[in-house]
There are 2 protein chains.
Amino acid sequence: MAVSTNCYGDPMVDELAPRFAQRATWKLSTVAQRSHQLLAAAFAERGRRGYDFRVLAALDHFGELHQAAIGRHTGLDPSDVTQTVRDLEAAGELTRLPSSEDRRRMVIAITPAGKRTLSRLESAIDTAEAALLAPLSDAQRERLLEGLEVLAQAHDRR
Amino acid sequence: MAVSTNCYGDPMVDELAPRFAQRATWKLSTVAQRSHQLLAAAFAERGRRGYDFRVLAALDHFGELHQAAIGRHTGLDPSDVTQTVRDLEAAGELTRLPSSEDRRRMVIAITPAGKRTLSRLESAIDTAEAALLAPLSDAQRERLLEGLEVLAQAHDRR
DNA sequence: TCAAAACGTTGGTGACGCCAACGATATGGA
DNA sequence: TCCATATCGTTGGCGTCACCAACGTTTTGA
């Protein structure tokens, strides 16, 4: 028996316990999890992950950066920057050269291939984001975004 | 120097790249991450994690359940149910007995200690949730929740 | 009766976020 | 100028959450 029955004897699809399913934090994490699924799948198709996108986007926007700056502009831990930059360099998406001014630093720059990858990832994200938000009316979407904006600002990463 | 300077020479706190920081999915994941931080910290103080809470909540709400049913009522993978139930049983929060009707099944029931833990976790979650949503006005909160509700429903776990 | 399904378990994988510690280098104040 | 302090990149690790494949056991339903 794959379904349980409620007190009326009706067949009942297994339900999540309201004890947590009604919580704002649960709904939030459900939606975020779905978002992550869609994005991770889109990235994985291209052999990349969220970290790669963030690093490429930061380089494209700010130009050359050393790794610590990449970390600050992406919210990544320095150790994760190291790994991500290593992967992206191996894939030819960026260059990594020792700084002439500061011998501790590595100067990272996006390559043309990296820019192409970035725009491909960006389109994939557009698609995923559209799929995620599709169930909302325009008004609902705007109101949701307003709340997220306020909270994201208040609980800033950085 | 912990800050960089913009083109006007003003000191500038390192900013996230708008390329992703302006995306709905980014804001969503930022807020969800913050929520997770608050909840995980609250759980960790009591030596528990989200899985434990979900399992206890399901048992408290539905009564005795076998493990597969716990999985369906919590969104957990069966293998994670196994681990979580093992931990909770070791802590005396639930009992685990072979079913007399179906020798494949284990019948799980919450104990009084488990109920106490559950209500303590619940208070901690209340606090965390309040802290998370505090920056919102009542109207903003309601509008945010409406959007999350629609999306959580549409992209249901199950 | 017997193939198919369900059950619980073991032992993984991956993404993301984070931490401690280290050697090398740069900086700034005494 | 010297030296404590800070920063940089790196290694190796941890925890949470979500998920998967494979397995032996037991139940089911055609």
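Just so we're on the same page: letters track the sequence lines, and every chain starts at 1.
Toward the 5′ end of DNA chain C lies the nearest nucleotide of B:W26, the other residue of the pair B:W26 and A:D102 mapping further downstream. Nearest-nucleotide assignment on DNA chain D puts the 5′-proximal partner with B:A44, out of B:E101 and B:A44.
Heavy atoms from other residues, nucleotides or ligands lying under 6.0 Å from CD of A:Q37 number more than 12.
Counting Ile, Leu, Val, Met, Phe, Trp and Tyr side chains that sit under 4.5 Å apart, directly or through other members, A:V107 stands alone, with no cluster partners. Taking Ile, Leu, Val, Met, Phe, Trp and Tyr as hydrophobic and joining them when side-chain heavy atoms fall under 4.5 Å apart, one finds B:L133 in a cluster with A:L28, A:V31, A:L38, A:L132, A:L133, A:L136, A:L144, A:L145, A:L148, A:V150, A:L151, B:L28, B:V31, B:L38, B:L132, B:L136, B:L144, B:L145, B:L148, B:V150, B:L151.
Distance B:L28 CG to C:dC16 C1': 15 Å, rounded to the nearest Å. Taking atom CZ of B:R46 as the reference point, atom P of D:dG15 lies 19 Å away to the nearest angstrom. Between B:Q83 atom CD and D:dG15 atom P the separation is 14 Å, expressed in whole Å. In this structure, the CG atom of A:D52 is 13 Å from the C1' atom of C:dG14, given to the nearest Å. In this entry the distance linking CE of B:M106 with C1' of D:dT26 reads 14 Å, nearest Å.
OP1 or OP2 of C:dA15 has not a single side-chain nitrogen or oxygen of A:H36 nearer than 4.0 Å.
The salt bridge (charged side-chain N to carboxylate O under 4.0 Å, His left out) check on B:R34 picks up nothing, with sequence neighbours excluded. For A:R48, the salt bridge (charged side-chain N to carboxylate O under 4.0 Å, His left out) criterion is met by A:D52, A:E93, not counting sequence neighbours. Here A:D126 pairs with B:R23 under the salt bridge (charged side-chain N to carboxylate O under 4.0 Å, His left out) rule; sequence neighbours left out.
Backbone-only engagement by A:R86 is indicated by non-hydrogen atom pairs under 4.0 Å involving sugar-phosphate atoms exclusively. B:A40 comes within 4.0 angstrom of nothing in the nucleic acid, heavy atoms only.
With hydrogens and angles ignored, no donor-acceptor pair under 3.5 angstrom links the side chain of A:R104 to the base of C:dA24.
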Contact list (N/O, under 3.5 angstrom) for nucleotides 19-23 of chain D vs protein:
unit_1 : atom_1 : unit_2 : atom_2 : d
D:dC19 : OP1    : A:Q37  : NE2    : 2.6
D:dC19 : N4     : B:D80  : OD1    : 3.2
D:dC20 : N4     : B:D77  : OD2    : 3.3
D:dC20 : N4     : B:S79  : OG     : 2.6

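You'll find that the side chain of A:R49 is closest to C:dA15, out of D:dT16, D:dG9, C:dA15. With C:dG8, C:dA26, D:dG9 as the candidates, the nucleotide lying closest to the side chain of A:R103 is C:dA26.
With contacts defined as side-chain heavy-atom distances shorter than 4.5 Å, the pair A:E146/A:E149 does not qualify.
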